[in-house]
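Whatever order the structure lists them in is the order used to number ligands and atoms, beginning at 1.
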Amino acid sequence: MELYSPENPVFWHYAVTALLGVLKVMGQGWLTVRALMSEKAGFASPEDLRKTALNPDPDPTQLDPNPRVERSRRMHHNDLENIPGFWVAGALFVLAEPPLWAALIFYWGFVLARAGHFWAYATAQIHDIRATFYTVGSILVIGMAIWTLVVLLV
Ligand SMILES: N[C@@H](CCC(=O)N[C@@H](CS)C(=O)NCC(=O)O)C(=O)O
């Protein structure tokens, strides 16, 4: 069986969870756009104050930071610090030919951890809750990287 084929259940689960990560990263950008459009504030660049169909009534205060927009940007930034590592480590983990149960824990555990991180950040839960979800996701990515390195090097 080809390792990188949908017939390999490990790769199948990687593909599905990696694509969920793509949707999360892309979707978070759109959540920022939605916040910008509904708040009409938090714009990033001076040219965003030019009068256009999307901003018919520009106002200099629109360049002031807006808490909702900034939160969405921080969430997007955090995704970009974590999800690309999952894409790379998760894809190479297939080479380690892990048992399916392990792949399920690493792949779906990461998805659940990032979903929890999204919920905790979006609803302004206390720091330690958000940090717990972050830590679980991060450890799973680090775990896949170490597991794969050991298989490749030892
Ligand atoms: N760049 C992150 C690195 C550490 C991290 O990702 N921490 C998690 C748990 S506290 C987090 O949600 N950080 C908030 C953020 O990145 O906006 C930071 O400065 O906080």
Query raised in the report: Hey, what do you get for CH2 (Trp87) to CG (Leu92), rounding to the nearest 0.5 Å?
Result: 14.5 Å

Query - Residues that, via side-chain heavy atoms closer than 4.5 angstrom, fall in one hydrophobic cluster with Ile146 - result: Ile142, Val150, Val154

Requested in this report: Give every residue pair that meets the salt bridge (charged side-chain N to carboxylate O under 4.0 Å, His left out) criterion with at least one member in residues 68-97, sequence neighbours excluded.
Outcome: Lys24-Asp79, Glu39-Arg68, Glu70-Arg73, Asp79-Arg114

Query raised in the report: Hydrophobic clusters join Ile, Leu, Val, Met, Phe, Trp and Tyr when side-chain heavy atoms are under 4.5 Å apart, directly or via other members; which others share one with Trp119?
Result: Ile126, Ile129, Phe133

Query - Side chain to side chain, Val69 and Phe43, heavy atoms closer than 4.5 Å - result: no

Report task. Rounded to the nearest 0.5 Å, what's the gap from OH on Tyr121 to NE2 on His127? Could you check? Result -> 9.0 Å

Report summary line: Ordered by chain then number, the protein residues lying under 4.0 Å from ligand 1 by heavy atom are Arg74, Asn78, Glu81, His117, Tyr121, His127, Arg130, Ala131, Tyr134

